[in-house]
Amino acid sequence: QVQLAESGGGLVQAGGSLRLSCTISGRTFSNSAGGWFRQAPGKEREFVASIGWGGLGTDYAGSVSGRFTASIDNTKKTVYLQMKSLKSEDTAIYYCASSRGPNPTSRDSAYDFWGQGTQVTVSS
């Protein structure tokens, strides 16, 4: 059974930083890209970032490019999202996801397993 365990959300002031973690179990890690999505109150879920396996690259939404960085720790089977220069509009529930293939992608239909979500609140 594939499981994704997220952590690292919380309350931070605008301009601050947070790092989200997502540990994936039950899946061959090298076959799947990791993705991050978010959903703000009253809005649809949107793509944030994706990281491919083994140097296959990254993809970022324009709204977070240059501020957020996705990374992978292979030994820990964990995907990270480092968030810097946070803004109030970054406030949302953040979800990690595991895709069916190794390449980074912004298509949520490519992801077949999802975490439970972690709240990020940025105060202005």
Side-chain angles (χ1 to χ4, degrees):
Q1 180 179 2
V2 179
Q3 293 185 325
L4 285 72
E6 301 174 11
S7 61
L11 174 64
V12 64
Q13 289 188 335
S17 299
L18 279 176
R19 189 178 77 161
L20 305 183
S21 301
C22 177
T23 300
I24 302 172
S25 59
R27 161 164 270 178
T28 302
F29 201 59
S30 60
N31 292 342
S32 301
W36 291 96
F37 292 76
R38 68 186 181 186
Q39 187 167 21
K43 295 187 177 181
E44 293 187 353
R45 185 173 64 192
E46 66 175 359
F47 168 74
V48 175
S50 179
I51 182 165
W53 172 259
L56 289 176
T58 53
D59 189 17
Y60 296 97
S63 59
V64 307
S65 181
R67 300 188 298 121
F68 291 11
T69 303
S71 61
I72 287 180
D73 184 325
N74 301 327
T75 59
K76 296 181 179 179
K77 295 188 177 181
T78 299
V79 179
Y80 300 97
L81 184 67
Q82 178 68 52
M83 305 184 292
K84 298 181 179 180
S85 302
L86 283 161
K87 306 174 182 180
S88 58
E89 51 263 43
D90 294 318
T91 295
I93 299 174
Y94 283 70
Y95 299 90
C96 71
S98 178
S99 79
R100 297 180 182 87
N103 295 299
T105 177
S106 60
R107 295 182 297 109
D108 58 3
S109 60
Y111 297 86
D112 52 354
F113 292 98
W114 295 77
Q116 79 284 358
T118 185
Q119 178 70 47
V120 171
T121 303
V122 183
S123 63
S124 57

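Hydrogens, waters and symmetry mates are skipped; everything else that's a heavy atom, side chains included, is used.
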From [atom1] ([X]) to [atom2] ([Y]), nearest 0.5 Å:
X: Cys22; Y: Lys76; atom1: SG; atom2: NZ; answer: 14.0 Å
X: Leu4; Y: Ile24; atom1: CG; atom2: CD1; answer: 4.5 Å
X: Cys96; Y: Glu6; atom1: SG; atom2: CD; answer: 4.0 Å
X: Ser123; Y: Gln13; atom1: OG; atom2: CD; answer: 5.0 Å

Which heavy atom in [X] sits nearest to a heavy atom in [Y], and how many Å separate them?
X: Lys43; Y: Gln39; answer: O-NE2, 3.1 Å
X: Arg27; Y: Val2; answer: CB-CG2, 3.9 Å
X: Ser124; Y: Ser88; answer: CB-CB, 4.3 Å
X: Leu56; Y: Pro102; answer: CD1-O, 3.4 Å

Check the hydrophobic clustering (I, L, V, M, F, W, Y; side-chain heavy atoms under 4.5 Å; chains of links allowed) and say if [X] and [Y] are grouped together.
X: Val64; Y: Val12; value: yes
X: Tyr95; Y: Tyr80; value: no
X: Leu20; Y: Phe47; value: no
X: Phe113; Y: Val79; value: yes
X: Phe37; Y: Tyr60; value: no

Parallel under 30°, tilted from 30 to 60°, perpendicular over 60°: which one fits the rings of Tyr94 and Phe68?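 Ring orientation of Tyr94 relative to Phe68: tilted.
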Can you check whether [X] reaches [Y] side chain to side chain, under 4.5 Å on heavy atoms?
X: Arg38; Y: Leu81; value: no
X: Ser25; Y: Lys77; value: no
X: Arg45; Y: Trp114; value: yes

Given side chain to side chain contact (heavy atoms under 4.5 Å, CB included), test Met83 with Val120 step by step and report yes or no. CA-CA 10 Å; Met83 305 184 292; Val120 171; 3.9 Å; yes
Regarding Thr91 and Thr121, is there a side-chain donor-to-acceptor distance under 3.5 Å anywhere?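 Side chains of Thr91 and Thr121: no pair found under 3.5 Å.
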Given Tyr111, which of Ser98, Ser50, Ser99, Ser32 fulfils the side chain to side chain donor-acceptor pair (under 3.5 Å) condition? Ser50
